[in-house]
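Chain letters run A, B, ... following the sequence lines, proteins first, then strands; residues in each count from 1.
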There are 4 protein chains.
Amino acid sequence: VQEVECVNGDGKDLSALLADLAKVNNSRERASKLFQWLINPIPAKSFFRETWEKKPVLVQRKNPNYYKGLFSTAEFDRILREEDVQYGVNLDVTSYTNGTRETHNPPGRALPFTVWNFYKSGCSLRMLNPQAFSSTVWNVLSILQEQFGSMAGANIYLTPPGTQGFAPHYDDIEAFVVQLEGKKHWRVYNPRTEDEVLPMLSSSNFDQAEIGKPILEVVLEAGDLLYFPRGFIHQGDCLPEVHSLHITISSYQKNSWGDLLQRVVPAALEIAMEEDVEFRQGLPLDYLTYMGVQNSDKDDPRRTKFFIQIETLMKKLTNYAPVDAAVDQKARDFLHDCLPPMLTTEELASSVKGAWRRWERGQVMDDGARISTKTRVRVLRAGCARLCSDGDVVHLYYTTDNSRVYHKEEPKSFEIDAEHTDAMEFLIHSYPKFVTVGSLPCDSAEDKVALAELLFEKGIIHTEEPL
Amino acid sequence: VQEVECVNGDGKDLSALLADLAKVNNSRERASKLFQWLINPIPAKSFFRETWEKKPVLVQRKNPNYYKGLFSTAEFDRILREEDVQYGVNLDVTSYTNGTRETHNPPGRALPFTVWNFYKSGCSLRMLNPQAFSSTVWNVLSILQEQFGSMAGANIYLTPPGTQGFAPHYDDIEAFVVQLEGKKHWRVYNPRTEDEVLPMLSSSNFDQAEIGKPILEVVLEAGDLLYFPRGFIHQGDCLPEVHSLHITISSYQKNSWGDLLQRVVPAALEIAMEEDVEFRQGLPLDYLTYMGVQNSDKDDPRRTKFFIQIETLMKKLTNYAPVDAAVDQKARDFLHDCLPPMLTTEELASSVKGAWRRWERGQVMDDGARISTKTRVRVLRAGCARLCSDGDVVHLYYTTDNSRVYHKEEPKSFEIDAEHTDAMEFLIHSYPKFVTVGSLPCDSAEDKVALAELLFEKGIIHTEEPL
Amino acid sequence: VQEVECVNGDGKDLSALLADLAKVNNSRERASKLFQWLINPIPAKSFFRETWEKKPVLVQRKNPNYYKGLFSTAEFDRILREEDVQYGVNLDVTSYTNGTRETHNPPGRALPFTVWNFYKSGCSLRMLNPQAFSSTVWNVLSILQEQFGSMAGANIYLTPPGTQGFAPHYDDIEAFVVQLEGKKHWRVYNPRTEDEVLPMLSSSNFDQAEIGKPILEVVLEAGDLLYFPRGFIHQGDCLPEVHSLHITISSYQKNSWGDLLQRVVPAALEIAMEEDVEFRQGLPLDYLTYMGVQNSDKDDPRRTKFFIQIETLMKKLTNYAPVDAAVDQKARDFLHDCLPPMLTTEELASSVKGAWRRWERGQVMDDGARISTKTRVRVLRAGCARLCSDGDVVHLYYTTDNSRVYHKEEPKSFEIDAEHTDAMEFLIHSYPKFVTVGSLPCDSAEDKVALAELLFEKGIIHTEEPL
Amino acid sequence: VQEVECVNGDGKDLSALLADLAKVNNSRERASKLFQWLINPIPAKSFFRETWEKKPVLVQRKNPNYYKGLFSTAEFDRILREEDVQYGVNLDVTSYTNGTRETHNPPGRALPFTVWNFYKSGCSLRMLNPQAFSSTVWNVLSILQEQFGSMAGANIYLTPPGTQGFAPHYDDIEAFVVQLEGKKHWRVYNPRTEDEVLPMLSSSNFDQAEIGKPILEVVLEAGDLLYFPRGFIHQGDCLPEVHSLHITISSYQKNSWGDLLQRVVPAALEIAMEEDVEFRQGLPLDYLTYMGVQNSDKDDPRRTKFFIQIETLMKKLTNYAPVDAAVDQKARDFLHDCLPPMLTTEELASSVKGAWRRWERGQVMDDGARISTKTRVRVLRAGCARLCSDGDVVHLYYTTDNSRVYHKEEPKSFEIDAEHTDAMEFLIHSYPKFVTVGSLPCDSAEDKVALAELLFEKGIIHTEEPL
């Protein structure tokens with residue numbers, strides 16, 4: 001049986017924290033601090049060493065305000081009223097009654113009138129991408145994604161008193177259940193078999209009889225945190241007297257060694273076939289007469305020889321594995337999954353999104369300021385842009401034009417000319433330091449300014465001082 | 001420099017040979033004998049040991065009748081007159097003049113009137129699938145495919161005196177050039193680089209300046225044979241005074257260890273991810289900060305550790321390699337590529353294609369004979385049917401309903417119930433022996449007869465005596 | 001009740017007739033004579049005036065040999081044995097027992113062994129395109145299509161004694177039922193309602209209770225003919241003692257005035273909108289407030305005015321109807337539907353398909369004959385080629401490259417340059433006269449010969465004497 | 001030459017006007033009043049009688065504030081700053097210099113920094129769907145669409161001093177050019193030919209030499225209006241000293257009698273073919289020998305007869321024209337094109353979008369009010385919902401769930417049961433009167449309330465008093 005740590009913790013108020021974090025110079029450091037706040041008082045280092053991908057953990061704070069400001073039912077109501085929330089796309093209406101799980105989504109826009117009718121009749125509400133509607137959730141997730149190096153997502157769950165909205169199941173992501181309002185009774189179960197440890201896909205809904213006894217049973221209260229790895233079965237239901245609102249923050253979907261190998265291995269074979277004639281040699285003339293399922297019971301020395309040759313060649317494949325190129329493919333997908341950075345007022349003023357130059361009094365006002373070799377710049381975030389090779393050419397992929405809606409925008413990238421790759425690497429590796437445009441290793445001052453202007457217009461870099 | 005064997009040989013007349021071969025009881029033996037005739041006097045065993053996939057070889061026979069009956073220009077003319085030969089599909093009109101290679105195909109059907117006009121103006125003619133039009137070519141290739149365990153194809157080339165139809169190039173197949181009429185001047189060149197030894201794809205057309213000096217230069221005469229492996233550059237042109245007709249028999253396209261590995265390796269990874277949790281564990285949180293092309297110059301111990309883990313996992317893959325299942329995939333493709341068997345009169349009479357029961361004198365004549373448990377049967381050819389597993393079920397793939405036109409028919413197969421797989425294996429492994437239907441390892445006599453009837457109606461088995 | 005003519009007739013033996021017809025100089029005359037033979041002794045003129053599209057007619061000849069040579073069950077057996085007949089494509093196995101109509105097609109090729117098994121168990125056999133397998137059927141239909149100006153098709157029906165293969169139904173074609181062997185008991189019923197007179201689509205299968213009493217009941221014997229228009233319900237069954245073989249020749253599918261208007265009317269509207277500003281004027285500002293189903297009960301003078309304006313514009317449409325262009329669209333479809341002409345020995349010798357020039361004794365034999373201005377030529381058939389306008393350009397559509405398999409080939413056509421249209425019209429309208437190439441109204445002798453060569457190579461024209 | 005009216009006018013301030021209009025009880029009346037304001041002082045009645053679709057008209061007001069509040073360059077700047085404006089989708093950057101028209105759109109989001117850079121370099125800016133970004137434009141257009149019974153669209157044009165952004169051309173819509181800021185020099189030209197009067201499609205860009213002399217040349221100043229029908233060529237350029245901002249309001253694209261006939265005529269033919277046997281009768285056997293382009297020069301009495309029959313049938317078509325059903329098809333498209341209504345505060349409070357029932361103090365607050373038979377309701381706008389027949393069933397199409405972005409949402413509709421169609425018609429025709437739910441002609445009180453609840457939840461009806 002899995003041992004479960006139970007600790008109490010306490011931290012800092014969220015809006016203050018976010019204001020403080022905005023002053024942290026390095027986005028990676030910012031991510032670490034925010035993650036530490038999330039799991040306080042467990043030290044992140046020990047969390048990742050002992051708990052992450054291994055076992056559930058519970059933090060009970062007796063501090064209902066710890067996560068205050070992250071999200072609320074009042075915000076839920078506001079969103080329904082003001083935003084274009086669509087049933088089935090942004091909101092699910094569900095119930096789990098007498099062992100039956102149902103979805104009740106009508107077509108079209110979810111308006112408060114009908115949504116609250118559903119809630120009053122005992123249905124649970126799941127908001128699927130709160131980051132598109134709530135700036136705070138967007139801000140928090142966009143910071144955390146730099147901690148995980150993998151997409152950080154979230155769902156909001158609002159459950160009426162005395163009801164349960166979902167059947168027991170396991171997910172394919174690492175889950176941080178953050179209790180925001182009310183209470184919820186949770187039960188967590190071990191993976192049923194070795195094959196379901198760290199599974200690649202989420203499960204279907206289980207019957208109560210299939211899942212054994214919980215290894216953890218607790219009533220979460222506002223301010224509490226419950227973490228469990230993918231594969232751990234879980235279910236939550238409301239006490240008779242009080243509703244529950246929680247947000248589940250998730251990450252590490254399809255982010256395993258195997259997912260990376262799916263890109264490494266076929267590419268390694270392609271390279272081996274090009275470079276190593278042993279891979280191009282013909283199969284034995286008669287191999288179909290002793291290999292194949294039809295012949296698998298045959299005791300034939302040619303079978304042994306054949307297996308050995310396959311093994312030899314597969315082991316040679318490691319010599320041709322294009323690991324960095326495969327990581328670039330994963331990185332490209334991650335940058336596409338990323339939320340765009342949420343800019344502070346200072347960042348806005350010093351980047352293209354808020355750059356001075358506007359229409360005033362019947363004309364374009366412009367103080368003439370332009371990027372010059374003396375302008376000091378840096379990338380907006382440690383991970384907001386990345387050089388990746390696509391065969392012979394190098395592209396810069398970036399997150400700054402992504403949408404808060406998942407994959408609403410195509411992956412964003414542009415080719416970096418060979419003479420600019422050094423400058424681009426220099427810029428990325430200089431972060432968080434600002435460097436002068438003149439210090440970019442390009443051939444000419446024109447080149448340096450042209451590259452900086454391009455990056456500025458794409459929103460990838462900002463200036464130390466507003467232009 | 002590649003050393004080239006030059007031997008003279010002699011054999012047997014083709015129509016007599018094919019009549020003799022029809023009496024050979026085992027289709028694999030038949031294939032060996034026919035292949036031996038093709039390359040006489042070189043022993044097949046030494047050919048495959050020393051020459052195949054290694055170097056060109058030439059057989060000069062001084063016997064213009066050695067291959068007589070295989071194909072002729074008179075047959076070419078008959079086909080144009082009687083069959084639906086389409087330019088671009090079945091026939092190419094080409095020229096290679098002053099270093100320029102051109103194709104002159106008009107649209108539509110190739111009629112003798114226009115085809116011979118092209119020929120008279122100096123164009124070469126390439127017939128692309130003579131096996132669809134010539135029964136002899138069909139017969140020869142359908143026998144040889146059992147020798148190669150890989151599709152045997154052929155093109156016919158007719159070249160006017162004093163011309164050349166094709167630029168120097170190499171192909172992606174093992175080539176047996178069989179001179180049928182007239183003479184042709186051939187030059188063969190070594191692969192230009194290691195990368196072009198046993199290449200995966202054919203080359204484009206080369207300039208004369210790109211290919212160096214020939215390692216073999218010869219005038220082929222009727223009855224001669226020239227073999228060269230894929231990757232060897234070659235060109236042939238006609239002497240001023242005489243035309244040339246040759247057939248190139250080919251095999252081993254995409255039949256390398258690498259081609260098989262392309263099916264083994266992704267499947268191995270899929271299995272490993274299901275069975276071995278190490279493949280499902282998450283990547284390091286920060287791997288994007290030190291891996292990828294952007295970081296490839298970094299000297300970071302974490303990079304070394306990452307590479308080692310990739311190598312470890314790739315080496316573990318061999319434990320999960322589903323070799324027989326991957327061979328079955330290749331086998332399925334091969335059975336789809338195969339020509340259908342060309343039946344002898346006796347085979348016709350004892351199989352569904354020619355089975356007694358016909359309309360005569362106003363009614364269906366039927367001597368009442370049916371398959372019973374005493375009927376003795378066997379598969380029509382050693383390789384005409386094959387059991388392959390598709391996940392949980394087993395299918396029987398077969399060639400007997402294939403078309404003489406490449407892939408004109410979809411792959412042919414049907415599911416074999418679990419209680420029939422043993423009987424099916426028994427039948428296949430009994431070949432070339434006939435066995436009684438009663439000896440099939442099925443549950444009941446009805447079952448045995450039902451299976452035999454099914455196989456008989458699909459043309460997969462025939463009976464020892466006509467029904 | 002529909003009155004039914006019952007006449008006896010007699011004619012000429014088919015092979016002799018076809019030989020005679022081959023000598024008839026004009027393909028349209030040939031078509032008339034063959035059609036007259038089909039319906040003898042009814043004069044074609046009175047048939048088309050009084051019977052065609054109006055009522056059934058029966059010809060009983062007491063001459064079992066009248067249609068001999070057109071098709072036979074022996075030919076059916078030969079086709080199964082030698083040709084690639086596919087169930088569901090070329091052959092249907094059907095039964096109609098106790099009011100239930102079933103189709104029993106297995107997948108794959110129809111071999112005599114299984115087909116005769118079905119027949120012996122009481123199933124009917126319908127061969128769907130006998131013209132692809134039988135030269136005589138091809139010849140007869142390719143002649144008749146010029147009589148109808150609409151595709152002539154055929155099905156063969158072979159029915160075992162004492163059975164019925166099809167439920168009562170009506171078709172969407174004019175049907176000529178030609179009894180070839182044995183006997184069949186037929187019942188024909190009037191269309192059930194005005195809406196089913198000359199229907200656009202075939203019916204589904206009827207119950208016996210739905211169709212009333214037959215207006216015609218007869219036992220057809222070999223040599224007899226039964227005609228009925230589309231919309232007449234019919235069913236046929238075999239007497240207990242004898243099988244039946246008949247061929248149904250059909251035409252006039254989708255060949256009504258309405259089918260032509262479907263091409264005329266939208267085109268007329270398009271032209272009217274381009275040429276007549278009244279069609280481009282805006283609708284009344286408020287028309288949605290009084291028109292539409294929601295307002296259809298309103299008694300509003302604006303509705304009357306609106307209807308009148310629609311009527312006025314629709315009547316004006318006739319001024320813009322591009323009738324000839326629409327006929328060309330129908331003609332294009334008909335030429336695509338057509339069977340290719342079946343050439344006589346003389347036609348073969350004088351056209352590209354059989355033109356002298358062949359491979360003999362190691363070279364192309366060629367007496368040097370070529371088309372010159374003195375060569376006398378004509379189109380192969382009155383209807384084998386047709387000039388049609390496609391917007392601004394003129395194309396020649398032709399049937400000579402069509403396949404005997406329906407629509408296996410794409411529509412065949414090529415553009416005719418403006419300077420060649422007069423010559424092309426001259427050639428078509430000169431038929432059946434041969435004219436010298438020199439007499440073609442082209443600019444130069446080179447032009448005349450080039451056009452003639454092109455038409456000769458496409459098989460559209462032949463020469464008076466072999467080249 | 002077209003005579004041009006030049007009048008001066010004056011009206012009311014826009015925000016006051018819109019506030020007043022919100023109090024007008026009937027949306028059609030509201031539309032009339034707003035349109036009258038747009039074209040003041042020309043009376044709408046005489047405008048539609050004498051000017052609409054006939055000739056340009058100019059209103060010079062000497063009142064720069066007449067259209068104030070509709071849109072401004074400051075609003076343009078705000079939109080760039082706050083909204084997701086995409087180049088090529090929402091914004092075009094253009095220039096017309098030395099007779100050359102160019103588009104300069106980069107990919108991606110249009111940010112003020114780059115947009116104002118373009119403007120400063122002399123490029124014109126065209127915002128393509130200001131209604132998606134500006135509530136006032138949305139409000140104005142959503143009102144006007146009820147006046148036109150056809151989609152009302154708009155573009156915004158901002159042009160730097162001394163430049164021209166577009167080449168001379170004509171459009172396929174009725175255009176109302178409303179000068180908002182600065183000045184613009186306009187030239188308007190007659191359609192070049194009869195064929196270009198009220199054209200179906202917009203023109204390409206013209207050279208100055210192709211368009212003749214202007215019939216109207218004027219400098220528009222803020223507060224002025226210029227109207228011209230589709231087909232009138234026009235161009236505008238800025239004076240050296242001042243920029244120009246105008247909005248062009250458009251309507252009547254593809255809204256002609258011919259556009260309606262494209263739906264009436266094919267449907268009429270289909271009905272005629274079903275109901276009238278004359279349309280199903282076969283074409284003459286030999287029509288291909290005298291009809292078609294190939295025979296169009298023939299003087300053949302059969303041609304005359306053929307033409308007469310076509311004309312007779314086409315005239316009969318008017319008897320079968322399903323005019324109301326065709327209008328319904330146009331209505332469906334119009335309702336899909338429509339902007340959703342912009343609700344007043346009162347409308348919001350009395351409709352589903354703002355209905356009471358919200359999350360407060362940890363629970364859903366609900367005063368228990370529900371729709372009952374006594375509730376008084378009406379449709380939100382005269383044209384916001386419409387009953388249309390689709391073959392046998394009736395659907396209600398509605399605009400209230402449309403998006404401000406053109407066709408972002410699919411057409412919205414649901415089926416109305418037969419027993420509810422009368423009630424639905426009653427509701428629609430009762431507008432602008434409120435009626436009690438109890439007065440709906442349904443079978444039961446439950447039915448009445450259920451229908452009203454459905455319509456309320458879709459936002460199609462609102463209540464006289466907030467629920």
Asks: Heavy-atom distances under 4.5 Å only: say whether C:Q86 touches chain B with side chain, backbone, both or neither.
Replies: side chain
Asks: Test of understanding: with side-chain contact (heavy atoms from CB on, under 4.5 Å), list the residues that count as partners of B:L348, not counting sequence neighbours.
Replies: B:L343, B:K353
Asks: Relative to chain C, which of B:L111, B:D84, B:L80 shows the most heavy atom pairs under 4.5 Å?
Replies: B:L111
Asks: Do the side-chain N and O atoms of B:Q179 and B:S244 include a donor-acceptor pair separated by under 3.5 angstrom?
Replies: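 On atom types as modelled, these side chains qualify, holding a pair under 3.5 Å.
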Asks: With a 4.5 angstrom heavy-atom cut-off, could you sort out which part of B:E409 is near chain C: side chain, backbone, both or neither?
Replies: side chain
Asks: Please look at C:F76 and chain B and tell me whether the side chain, the backbone, both or neither of the residue comes under 4.5 angstrom of a heavy atom of that chain.
Replies: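 Answer is neither: C:F76 stays 4.5 Å or more from chain B.
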Asks: Begin with the C-alpha distance, continue with both residues' side-chain angles, and end with the deciding distance and a verdict on side chain to side chain contact (heavy atoms under 4.5 Å, CB included) for B:T344 and B:E346.
Replies: CA-CA 5 Å; B:T344 63; B:E346 292 73 26; 3.5 Å; yes
Asks: Classify the angle between the aromatic ring planes of C:H104 and C:F118 as parallel (below 30°), tilted (30 to 60°) or perpendicular (above 60°).
Replies: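 Geometry flag for C:F118 against C:H104: tilted rings.
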